[in-house]
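Taking it in order: structure first as structure tokens, then the write-up.
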Amino acid sequence: MRIDAQQRQIRSYYRALFRTWGPQHWWPAQSRFEVIVGAYLTQNTAWTNVEKALANVRAARLLSLNGIRRAPLAELERLIRPAGYFRQKARRLKIFIAYLDEKYAGSLAKLFASPTEQLREELLRLHGIGPETADSILLYAGNHPVFVVDAYTRRILARHGILPERTEYDEIRKLFERALEPAARSVADLREPRNESLAAGSRGAAHSPSPMSTAKRTAVARVYNEMHGLIVGVGKNYCKKSKARCDECPLQKFLAKAN
Ligand code: SF4
């Protein structure tokens with residue numbers, strides 16, 4: 001498929017999903033730091049497990065920069081155990097804080113004031129941060145305009161014949177960013193659908209509104225934010241690894257054209 005056709009296809013998916021399900025309210029968090037902790041914890045596990053781990057850290061009154069900074073490693077490991085790989089993840093969180101303290105005097109405001117590409121490279125150099133985690137932090141905590149590619153994105157692209165599942169992360173990211181930028185300039189593509197027009201009984205994978213999901217952000221970041229959440233909705237509810245429930249999926253009409 002040609003690049004311009006791929007981009008048109010992705011814009012059509014965004015429009016169809018956003019008009020069907022409306023805002024998805026990713027990322028569900030009270031603060032930027034909670035987004036960062038969640039981005040680490042969600043590696044290789046389901047979000048429901050992350051919620052349990054975050055609830056433990058919150059109940060221990062440690063869900064803050066200073067809280068994680070002063071928490072003994074063993075205590076942090078115990079609290080985040082429900083998220084799996086808890087030893088690895090606890091160490092990685094400590095490494096992030098050490099980096100923040102050393103390079104940005106412990107200030108998230110200073111960290112996120114850095115240029116996007118520079119900050120992305122720095123995050124990718126940290127132990128335990130791959131592109132999906134780096135981009136989740138940049139987009140959802142920092143309001144930087146980068147699209148987050150996950151396994152659902154790859155699966156949908158592959159099943160629709162747009163790109164093979166093993167395509168390089170950055171190739172997929174750039175495809176989505178170029179495809180969705182025009183949507184960020186279109187008032188119609190940003191306007192929330194009226195509630196009564198939302199599909200009955202389904203909102204994708206929508207969370208309840210939270211301080212982070214309703215935070216002020218640029219139009220581009222907002223569209224990237226929504227598209228990632230909408231893709232999670234498709235992946236979780238329809239485009240499962242073991243079985244695609246195409247008959248009920250809002251992207252079914254595009255599949256027919258792709259094949
Ligand atoms: S479930 Fe079917 S229609 Fe929906 S995204 Fe997956 S392959 Fe496409």
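Just so it is clear, the values below take in all heavy atoms, side chains as well, and ignore hydrogens, waters and symmetry mates. First listed ligand is number 1; within each ligand, the first listed atom is number 1.
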- Message: Show me which atoms of ligand 1 lie under 4.0 Å from any heavy atom of H160.
- Response: 3 (S), 5 (S), 7 (S), 8 (Fe)
- Under the salt bridge (charged side-chain N to carboxylate O under 4.0 Å, His left out) test, residues paired with E177 that sit two or more places apart: R173
- Message: I need the minimum non-hydrogen distance between I137 and A39, along with the two atoms involved.
- Response: CG1-CB, 3.9 Å
- Query: Do H160 and Y13 meet the criterion of a side-chain donor-acceptor pair at a distance under 3.5 Å?
  - Reply: yes
- Task: Classify the side-chain pair Q30/R58 by whether it contains a donor and acceptor separated by less than 3.5 Å.
- Result: no
- Item | Distance-only donor-acceptor check, side chains N225 and R222, under 3.5 Å | no
- Query: Around atom 4 (Fe) of ligand 1, what protein N, O or S atoms are found below 2.8 Å?
  - Reply: C249 SG
- Note on the structure: Nearest heavy-atom approach of S210 to T214 is O-OG1, 2.8 Å
